[in-house]
Amino acid sequence: MVLTRFVEIGRVCMINYGKYEGALVVILDVANASRVLVQGLPGSPIGRELMNIKRMALTDHKITIGRNARTKTIAKAVAESDVQNKWDSSAWGKRVAKRAAKANMGDFDRFQAKIAKQSMAKKVAAKLA
């Protein structure tokens, strides 16, 4: 198996720990073996900051930018490569969105999901019996 996800300039990553968990960022520069300079996608509250590599997961998406690119350049490259829509349509992005929706469910939403699950189980049991 050949590795395809590398810590490189322009790599889109998902933050998997901390205050911005679940947000997408772009690597702008590699500071040292364990930290990188990142910036959030346009519209995100994440500015430029040094972040530990252990706190992010590398995605398959990469944009073409230069080292320490300006914010406008990043916004233009993200718009051209359509990173957000690619992420939202990927299996990983759908799973993250589904988990977030489930975490934000209210009491009545959980009740409705339970009833729907029970009725589906009854239909399946009736078909198999």
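Numbers for residues simply follow the sequence, beginning at 1. Being a predicted model, the structure only gives us computed values, none of them experimental.
- A distance of 10.5 Å separates CE of Met51 from CD1 of Ile27, quoted to the nearest 0.5 Å.
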| task | Please assess Val36 against Leu50 for the test side-chain contact (heavy atoms from CB on, under 4.5 Å), listing each intermediate value before the final yes or no. | result | CA-CA 5 Å; Val36 292; Leu50 281 173; over 6 Å; no
Acceptor/donor pairs from residues 95-114 side chains to any protein atom, 3.5 angstrom cut, sequence neighbours excluded:
residue, atom, partner, partner atom, Å
Asn104, ND2, Ala100, O, 3.3
Asp109, OD2, Gly106, N, 3.3
Arg110, NH1, Met105, O, 2.9

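- Residues Val12 and Lys62 fail the side-chain proximity criterion, which asks for heavy atoms closer than 4.5 Å.
- For the atom pair NE2 of His61 and NZ of Lys86, the computed distance is 7.5 Å after rounding to the nearest 0.5 Å.
- The NZ atom of Lys54 lies 12.5 Å from the CZ atom of Arg35; values are rounded to the nearest 0.5 Å.
- Scanning all heavy atoms of the two residues, the minimum distance from Arg11 to Thr4 falls at NH2-O, 3.5 Å.
- Looking at Lys117 and Ser119, their side chains never come closer than 4.5 Å, going by heavy atoms from C-beta outward.
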| message | Would Arg5 and Asp60 count as a salt bridge (Lys or Arg N to Asp or Glu O under 4.0 Å) here? Give the steps. | response | CA-CA 6 Å; Arg5 296 178 186 166; Asp60 289 330; 2.6 Å; yes
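- In this structure, Trp87 and Leu24 have side chains that are in contact, with non-hydrogen atoms separated by less than 4.5 Å.
- One distance of note links CG of Asp88 with NZ of Lys94; it measures 10.0 Å at 0.5 Å rounding.
- Val30 is connected to Ile15 through a chain of hydrophobic side-chain contacts under 4.5 Å among Ile, Leu, Val, Met, Phe, Trp and Tyr, so both are in one cluster.
- Hydrophobic clustering (side-chain heavy atoms under 4.5 Å, transitive across Ile, Leu, Val, Met, Phe, Trp, Tyr) keeps Leu37 apart from Leu58.
- Annotation: side chain of Tyr20 is not in contact with side chain of Ser44 (no heavy-atom distance under 4.5 Å).
- A distance of 8.5 Å separates CD1 of Ile65 from OG1 of Thr73, quoted to the nearest 0.5 Å.
- Val25 and Val83 fall into different hydrophobic clusters, where Ile, Leu, Val, Met, Phe, Trp and Tyr side chains are chained together by heavy-atom contacts under 4.5 Å.
- Note: Leu28 CG to Glu49 CD = 11.0 Å, rounded to the nearest 0.5 Å.
- Note: the hydrophobic cluster containing Ile63 also contains Met14 (ILVMFWY, side chain heavy atoms under 4.5 Å, direct or indirect links).
- Between Met56 and Val38 the shortest side-chain heavy-atom distance falls below 4.5 Å.
- Linking ILVMFWY residues whenever their side-chain heavy atoms come closer than 4.5 Å, directly or via other members, leaves Ile46 and Val78 in distinct clusters.
- Proximity of Val26 to Leu41: side-chain heavy atoms (C-beta onward) are separated by under 4.5 Å at one or more points.
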